[in-house]
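I am attaching a structure below and will ask some questions about it afterwards.
First the proteins, then the strands, lettered A, B, ... as listed; each starts at 1.
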Amino acid sequence: MSTLSRKRIYNTLTMKYHFNEIEAKWQKYWADKGTFNASNNSDKPKYYVLDMFPYPSGAGLHVGHPLGYIASDVYARYKRLKGFNVLHPQGYDSFGLPAEQYAIQTGQHPAVTTKVNIEGGVDNQGNEIAGYRNQLDKIGFSFDWSREVRTSNPEYYKWTQWIFTELFNSWYNYDTNKAEGIETLVSAFAKEGNGNINAACDDNIEPFTAAQWNDFSENEKQVILLQYRLTYLAETEVNWCPALGTVLANDEIVNGVSERGGHTVVRKKMTQWSMRISAYAERLLQGLDSLDWSESIKETQRNWIGKSVGATVSFNLKDHDKKIEVFTTRPDTIFGVSFMTLAPELDLVQEITTPEQKEKVDAYIASTAKRSERERMADVKTITGAFTGAYAEHPFTKEPIPIWIGDYVLAGYGTGAVMAVPCGDQRDYDFAKHFGIAIPNVFEGVDISEEAFADKAATVIANSDFLNGLKYKKAVKLAIYELEKVGAGSGKTNYRLRDAVFSRQRYWGEPFPVYYKDGMPHMIDVEHLPLELPEIEKYLPTEDGEPPLGRADVWAWDSKTNKVVSNDLVRSSAVENSEDNGIYPLELNTMPGWAGSSWYFFRYMEKAQRDAVFASKEAMDYWGNVDLYIGGSEHGTGHLLYSRFWVKFLKDRGHVSVDEPFQKMINQGMILGTSAFVYREENSNTFLSLGLSKDKQVQPIHAPVAFVNASDELDVEAFKKWRPEFKDAEFILEDGVYKVGREVEKMSKSKYNVVNPDEICEQYGADTLRMYEMFLGPLEQAKPWNTAGITGVHNFLKKFWKLYHNGAEATFNVTDTPASKDSLKTLHKTIKKVQEDIENFSFNTSVSTFMIAANELSAQKCTSQEVLEPLAILIAPYAPHIAEELWSKLGHTESISEAGFPVFEEKHLVESAKNYPISFNGKMKFTLELPLDMSKDEIEKTVMAHEKTQMYLDGRTPKKVIVVPGKIVNIVG
RNA sequence: GCUCGAGUGGUGGAAUUGGUAGACACGUUGGACUUAAAAUCCAAUGUCCAUUAGGACGUACGGGUUCAAGUCCCGUCUCGAGUACCA
């Protein structure tokens, strides 16, 4: 008999909790009535609960994915019961690499696969896809689907493109500390040149006067402005991934290889769009303090921003007019400088190297260039370097300082050069020791014969002229003052945060709303957006190495009609003198994955006029920012930082009213799979049961978890049928069964440990799935999935159902008899605990609380509506289907989500007596029930007179008796 | 290396301010019901000693503070996450 038909019979015969029917019924009810559609006008206070929206992959959901959605759904439903107007939307981050790679393999348009992945269907390989939406719907979420977003829809990415043009038309003014329209910069230039402009901009911009500016050609002006815009084109060294054929952002690289696929990444110079996020470094850092996020995520962002306070020092070169600028956090150790080290890639190295040293230096540069980023990172112990033969001059002593190169200095951080103070920095120390360079000691009373001394707090400066005897802080201050006096440096704050490369050489992303006229980028106005992705034959780079959009034939912009037209119409260089027809080539790159996800939370606020606005002012003023954001912590340096940047920018330009997107965030832990292993004896087709495999040479093989029961026994027949190569396999059993080994691993198809939520819903119901996922453990913790344990929660729901029904006939049996004192106590204890738990996101303990309540109430044989009605409301956030069903059976016609959360009344919990633990020397021996209003002395007297006390004392006299009324009695002695 | 977190039964995990360690489940064992299985119900279940009564030991390890420590302090170990020649 199949599981399904067995279950059906069992349902009808012995129990009336038909979860499949109940759940289907209420899911349809909610959808038909639009129960959870939020209104943008309400007298109720607003509350915005958001999940990080998913990328709809073809693999579908496994039980790990809904964890965060269930938690946010519990919270959203709770807030509704508490009288809030709740916005709880959902959508799809539907641009991305997997759909594109699938398109490359199968030729299927990514838009088609994306749609199938969301809505279900059959792909062109004949695979049946359940569809994200269908899978989500089965779990009974209270999403407002009327506000759905898909980042790959043109009506959505129109506004992603618009934000890009806004960034292009803005610059960052450090004086006002916000982004301003580019026109304010233009007028400042026209009035006073760029001398007094304090802007976030490229390095090394030549100064010019107002007169010079006004004389510049339009093109010259644009070139200069591009160096100030918040998104700009620049030839930058990027992380190029040849295997993926695209550049990657720093946060898309893990351990020197691509996050996706683990491919090699090399450095390459390319002209790319960049986002001037570094302008916001300080605000992104400061803003963290106001956020209710986990300390670890905030710390991750602080590290990523990497603020360090110190000074720049410039060293004159001997026999050369150039200077070397360095950044240091220890200007107090300036007299300890005994050499300088430059990154080998710096252009300056070639200029200063003396002829005698040239051979050695070139050889060293060649050898470091060969080493990949990864090798350099893996090998930090080997000290390498070369002397350039050149010398710098100490700013105070004027002593010559030898200049070395070494790959421990990174070209990408600071100026790519360091002043080496071997006595105060271990890397400088090791370098000096290795190459026999002097190690002058500038610390008082410190032995540096073994290692460098880096303890700032214990620093007292010595051998340093005017700094002698000073502690760290004072010495830093004075050193900077003196450096400024001699014009050799100044205080400076450095950030590790780099500008973000924004171009990707891919098809399946937002096209840039950009065309090029005389090599200069021009933005397409918002009224002509969206600029839709063109159709192409193949989703690969062109033969000339251009991005996939280079394959499009109709990909030029007619600036007169504001339409996309055929490439053939672009004035070709061959006919240089032909008249400018206003038709120009469009940008071939597309935007990265994080573009669409950096503002989607605003889009949900607006559902009416999505073509006219990215979100209306009224909607944004009403909803403000996200009150609760739930998602994985893996986005710590990507999405969560970029979104904050865009929000701050949009705020600066007056488009939104909030400064931070996500006020409170909870990061759910991963649900891990419990893999099953069978053990094949080496060079055979014989499988040994776990207990027999111990001392044998066996190869563990993943077995699908579906073939294993709760007692770790393998369904041998199913396993044999699974793969042809196992058809004739022999199985050596122990005690008549084949036992598998178990191991906790990440849930993944390749490990055959994936558990599908659809199957759990089918077999146990969505309410069981929801409660079980919450019951597994603390939300933020990683925890293994174990399907066997689900029966506990399922049995509880059956028991819960029975509370409202008469056992034998299973008829609805809730009465208006007044509730007993005990039942009211159980109810109010539960109200209190559940409310506290939800507010603390301690969902696992409230599931226990429900179990305790059900156990108590069924023991009390409680049938009172007075208790059972509020109880149904209490459980509604967790198990909404069963709650709705019971609610309607109780005679209500509205959804239970319209009900109010039961009010806790302390009076039901007031006790008159306490069961005191009586302990001896801190060890509890027995308990004694005593009235709570008993005085301390009386308690002591009663306890001491008790026969058990006398028995435990065995004639001894206690030294001391501690009585804490209402808590404990402890007898010492 | 640095930063942050965490170590509690066979398993997942409770113990909100120091006050009865192991709630609630899973699993296991035994029992009831059944031709049987499933389901349901009942009982036991930290470890060790003891026939019972009861006792001893128990929250990674070693110390400490306290009448009382899973909880606070010091040190050590292990695991996880983040990050890294960042000057």
From CZ of Phe453(A) across to C1' of A87(B) the rounded distance in Å is 18 Å
Nearest listed nucleotide, side chain of Pro784(A), among C85(B), C67(B), G12(B)
G12(B)
Of the listed nucleotides U16(B), C4(B), U83(B), the one nearest the side chain of Lys833(A)
U16(B)
Please answer whether the main-chain N or O of Thr927(A) pairs with a side-chain N or O of Asn915(A) as donor and acceptor at a distance below 3.5 Å.
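Not confirmed, Asn915(A) side chain does not pair with Thr927(A) backbone.
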Shortest non-hydrogen contact from Cys423(A) toward Val442(A)
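It is SG-CG2, 3.6 Å.
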What I want to find out is whether Asp837(A) reaches Lys833(A) closely enough, with some N-O distance under 4.0 Å, to be called a salt bridge.
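Looking at Lys833(A) together with Asp837(A), the answer is yes, because their closest N to O distance falls below 4.0 Å.
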Does A36(B) have a Watson-Crick or wobble partner in any strand here, with both distances under 3.5 angstrom, and which is it?
none
What is the distance, rounded to the nearest whole Å, between atom CG of Leu776(A) and atom P of G13(B)?
8 Å
Considering only heavy side-chain atoms of Thr300(A), the closest of A87(B), G82(B), U20(B) is G82(B)
Between A14(B) (P) and Phe775(A) (CZ): distance, integer Å:
10 Å
Check whether any side-chain nitrogen or oxygen of Asn667(A) sits under 4.0 Å from OP1 or OP2 of A81(B), and answer yes or no.
no
C1' atoms of C24(B) and U8(B), separation to the nearest Å:
15 Å
Counting any heavy atom closer than 4.0 Å, what does Glu299(A) reach on the DNA or RNA strands: base, sugar-phosphate only, or nothing?
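Result for Glu299(A) = sugar-phosphate.
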A15(B) and C79(B), which share atom name C1', separated by this distance in whole Å:
23 Å
If the C1' atom of G22(B) is compared with that of U34(B), how far apart are they to the nearest Å?
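The same atom, C1', in both gives a distance of 36 Å.
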Atom P, compared across C61(B) and G10(B): separation rounded to whole Å:
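About 13 Å, rounded to a whole number of Å.
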If you pin Thr328(A) and Val847(A) to their nearest nucleotides in RNA chain B, which one's is more 5'?
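Mapping each residue to its closest nucleotide by heavy atoms, the 5'-most match is Val847(A).
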Among A84(B), C67(B), C24(B), which is the nearest nucleotide to the side chain of Trp304(A)?
A84(B)
Go through A21(B), C4(B), G27(B) for me and flag the one nearest to the Ser296(A) side chain.
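Of the options given, the side chain of Ser296(A) lies nearest C4(B).
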Would you say C85(B) has OP1 or OP2 under 4.0 Å from some side-chain N or O of Gln426(A)?
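So the side chain of Gln426(A) is outside the cut-off, no N or O lying under 4.0 Å from OP1 or OP2 of C85(B).
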Write down the distance separating the C1' atoms in G82(B) and G9(B), rounded off to the nearest Å.
32 Å
Rounded interatomic separation in angstrom, taking CG from Asn970(A) and P from G18(B)
17 Å
Can you measure Met771(A) atom CE to G12(B) atom P for me and round it to whole angstrom units?
22 Å
Pairwise P distance for A60(B) and A56(B), with rounding to whole Å
22 Å
Rounded to whole angstrom units, what separation is found between the CZ atom of Arg427(A) and the P atom of G1(B)?
17 Å
Let's test this: given Watson-Crick or G-U wobble pairing with both distances under 3.5 Å, identify the partner of G30(B).
C42(B)
Measure from the side-chain heavy atoms of Lys783(A) and tell me the nearest of A14(B), A25(B), G13(B).
G13(B)
Pairwise C1' distance for U76(B) and U83(B), with rounding to whole Å
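Each nucleotide's C1' atom is 25 Å from the other's.
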Nearest-nucleotide pick for Asn795(A), side chain only, options being C26(B), C67(B), U16(B)
C26(B)
Any idea which heavy atoms bring Met665(A) and Leu640(A) closest together, and the distance?
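Looking at all heavy atoms of both residues, the shortest contact is CE-CD1, 3.6 Å.
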Can you tell which of A87(B), C85(B), G13(B) lies closest to the side chain of Asp407(A)?
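Nearest to the side chain of Asp407(A) among the choices is C85(B).
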Less than 4.0 angstrom between a side-chain N/O of Lys798(A) and OP1 or OP2 of U40(B), yes or no?
yes
Quick one: on RNA chain B, does Asn844(A) or Asn915(A) contact a more 5' nucleotide (nearest heavy atom)?
Asn844(A)
What integer distance in Å separates Ile305(A):CD1 from U3(B):C1'?
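That distance rounds to 16 Å.
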I want to know whether Phe335(A) and His394(A) have ring centres closer than 6.0 Å.
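Yes, they do, as the ring centres are separated by less than 6.0 Å.
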Checking contacts here: which listed nucleotide (C86(B), U40(B), C24(B)) is nearest the side-chain heavy atoms of Lys802(A)?
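That would be U40(B).
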Identify the nucleotide, in any strand shown, that forms a Watson-Crick or G-U wobble pair with C67(B), with both distances under 3.5 Å; if there is none, say none.
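Because both required distances fall under 3.5 Å, C67(B) counts as paired with G19(B).
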Side-chain N,O (Lys960(A)) to OP1/OP2 (U66(B)) below 4.0 Å
no
Which is true for Phe796(A) with a 4.0 Å heavy-atom rule: it touches a base, it touches only sugar-phosphate, or it touches nothing?
nothing
Any side-chain N or O of Arg302(A) less than 4.0 Å from the OP1 or OP2 oxygen of C4(B)?
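For Arg302(A), the contact criterion (side-chain N or O under 4.0 Å from OP1 or OP2 of C4(B)) is not met.
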Nearest-Å distance, CE (Met924(A)) to P (G54(B))?
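These atoms are roughly 13 Å apart.
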What's Val972(A) touching, base or sugar-phosphate or nothing? Going by heavy atoms closer than 4.0 Å.
sugar-phosphate
Using atom C1' in both nucleotides, what's the gap between C86(B) and U71(B) to the nearest angstrom?
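It comes out at 39 Å once rounded to the nearest Å.
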Find out whether Met851(A) and Phe775(A) are in side-chain contact, i.e. whether some heavy atom of one side chain is under 4.5 Å from a heavy atom of the other.
yes
Expected output: side-chain Glu940(A) to main-chain Val963(A) donor-acceptor under 3.5 Å:
no
Pair His946(A) and Phe926(A), ring centroids less than 6.0 Å apart:
yes
OP1 or OP2 of C24(B) sitting under 4.0 Å from any side-chain N/O of Thr845(A)?
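For C24(B), OP1/OP2 do not have a side-chain N/O of Thr845(A) under 4.0 Å.
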Which is it for G70(B), anti or syn, if anything within 90° of zero counts as syn?
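Classified anti.
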Any donor and acceptor pair, going by atom type alone, linking the side chain of Thr949(A) with main-chain N or O of Val943(A) inside 3.5 Å?
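Checked: pair present.
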The Watson-Crick or G-U wobble partner of A50(B), with both key distances under 3.5 Å, is none
So if I take every side-chain heavy atom of Arg496(A) and compare against U3(B), U20(B), A84(B), which nucleotide ends up nearest?
A84(B)
With a 3.5 angstrom cut-off on both distances, give the Watson-Crick or G-U wobble partner of U78(B), or none if there isn't one.
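Pairing partner, where one exists within any strand: A6(B).
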